[in-house]
Amino acid sequence: MSNNAIPQTGQQRERIERNEKTEEDTTPRGPLQTSHGVTTIDENVVAKIAGMAAREVPGVYDMGNAVRRAFSAVTDRIPNAQTNVAGGISVQKGETQAAIEVTVVVEYGVSIVEVSDAIRRNIIEQIEGTTGLEVVEVNINVTDVHLPDDDSDAADAADLK
C-alpha cells in the first residue's frame with residue numbers, strides 16, 4: 001500500500017508542501033543560477049558588452065545621441081581618460097533575461113536595415129555567449145547619418161581655432 005492511501009495530518013501535508021517548495025526554489029533557472037550558487041551581472045557589464053558588439057559592425061559611425069557624443073568628444077581630449085563604450089546603450093536586466101536599447105549614428109550610404117540587423121545579431125551573440133543571459137529584444141534607434149562632408153567641416157573648424 002502506498003503512502004498516498006494513508007490519510008495525512010495537517011502537519012504532514014505542510015511538511016510535504018514545504019519540501020516541494022524548497023525543491024522548486026533550488027531548481028536552477030539558467031546558467032547563472034546553479035545548485036552551488038548564483039552569479040549576478042550588473043547592467044553596466046551588459047551595456048559594455050553590447051556597446052563593443054555594436055561598434056564592431058561596419059557602417060556604425062558613432063553611438064549615442066548628440067549630447068552624449070559632444071560629451072565624449074570633450075572627454076576624449078583628456079589624457080588617460082577612458083572611452084565610454086557603454087554610451088548609447090540602455091539595458092533592462094532581470095535574473096535570466098535582458099532587453100537592450102541602442103542609439104547609433106550610421107555612415108551615409110549603408111543600408112540602415114542591414115546595419116540594424118547586424119547590430120542586433122552581434123549584440124545577441126555576444127551577450128548570450130559571454131553572460132548566459134537570454135536577450136529578449138534589441139531595439140535600435142538611428143539618430144543621425146554621418147555624411148562624408150561632416151569630417152571636412154570639423155577639420156575646417158579645428159583649423160580656424
Side-chain angles (χ1 to χ4, degrees), residues 12-148 150-151 154:
Q12 288 173 325
R13 265 193 302 269
E14 283 179 24
R15 189 171 45 244
I16 290 169
E17 288 173 4
R18 210 174 25 247
N19 287 341
E20 287 174 0
K21 286 181 185 175
T22 303
E23 288 174 15
E24 289 173 8
D25 293 343
T26 61
T27 304
R29 291 181 300 245
L32 298 174
Q33 292 85 24
T34 70
S35 58
H36 297 288
V38 176
T39 302
T40 57
I41 299 172
D42 283 345
E43 287 181 358
N44 68 331
V45 172
V46 176
K48 284 183 178 184
I49 295 167
M52 291 300 296
R55 283 175 172 75
E56 291 174 353
V57 174
V60 172
Y61 175 75
D62 204 355
M63 304 281 297
N65 59 23
V67 173
R68 201 222 51 90
R69 291 192 321 266
F71 180 74
S72 290
V74 171
T75 57
D76 286 346
R77 294 178 187 201
I78 300 171
N80 300 325
Q82 286 186 331
T83 303
N84 182 8
V85 295
I89 304 289
S90 175
V91 175
Q92 292 180 338
K93 187 188 76 61
E95 289 181 14
T96 60
Q97 297 178 325
I100 318 286
E101 187 155 327
V102 183
T103 303
V104 296
V105 176
V106 297
E107 294 280 357
Y108 173 76
V110 299
S111 167
I112 293 174
V113 173
E114 289 177 13
V115 170
S116 296
D117 286 343
I119 291 170
R120 194 171 284 114
R121 209 174 25 253
N122 205 29
I123 286 175
I124 290 169
E125 278 179 23
Q126 292 297 322
I127 295 206
E128 288 184 349
T130 58
T131 68
L133 292 168
E134 176 191 4
V135 178
V136 291
E137 67 181 3
V138 177
N139 297 314
I140 299 167
N141 182 18
V142 179
T143 59
D144 201 358
V145 174
H146 177 258
L147 303 173
D150 292 348
D151 288 333

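Residues: numbered from 1 along the sequence shown.
- Here the shortest heavy-atom pairing between Ser116 and Ile140 reads O-CD1, 3.1 Å.
- Between the OH atom in Tyr108 and the CG atom in Asp144 there is a gap of 13.5 Å [rounded to 0.5 Å].
- Put simply, CD on Gln126 and CD1 on Ile100 are 12.0 Å apart, with the number rounded to the nearest 0.5 Å.
- Between Val102 and Ala54 the shortest heavy-atom distance is CG1-CB, 4.4 Å.
- To the nearest 0.5 angstrom, Thr103 atom OG1 is 10.0 Å from Asn139 atom CG.
- In this structure, CG on Asp117 lies 8.0 Å from OG on Ser111, to the nearest 0.5 angstrom.
- Residue-environment remark: CD (Gln92) stays at or below the threshold of 12 foreign heavy atoms within 6.0 Å.
- A 4.5 Å side-chain heavy-atom check between Val142 and Val105 finds every atom pair outside the cut-off.
- More than 12 heavy atoms of other residues, nucleotides or ligands lie within 6.0 Å of CD in Gln97, so this atom counts as buried by the packing criterion.
- Judged by distance alone, with hydrogens and angles left aside, the side-chain atoms of Lys93 form no donor-acceptor pair with the main-chain N or O of Asn44 at under 3.5 Å.
- Between Thr131 and Leu32, the closest heavy-atom pair is O-CD2, 3.2 Å.
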Inset, instruction - Could you please spell out the steps behind the side-chain hydrogen bond (donor to acceptor under 3.5 Å, both in side chains) verdict for Glu56 and Asn122? - result: CA-CA 8 Å; Glu56 291 174 353; Asn122 205 29; 3.0 Å; yes

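- Without hydrogens or angle criteria, Glu128 side chain to Val135 main chain gives a donor-acceptor distance under 3.5 Å.
- By the 4.5 Å heavy-atom criterion applied to side chains, Val46 and Ile127 are counted as neighbours.
- Across all their heavy atoms, Gly87 and Met63 have their closest contact at O-CB, 3.4 Å.
- Minimum heavy-atom separation, Gln33 to Val38: CG-CG1, 4.1 Å.
- With rounding to the nearest 0.5 Å, the separation of OG1 in Thr96 from CD in Glu134 is 6.5 Å.
- Glu95 and Leu133 get closest at one heavy-atom pair: O-CD2, 3.7 Å.
- Of the possible donor and acceptor atoms, none in the side chain of Arg55 sits under 3.5 Å from a partner among the backbone N and O of Val60.
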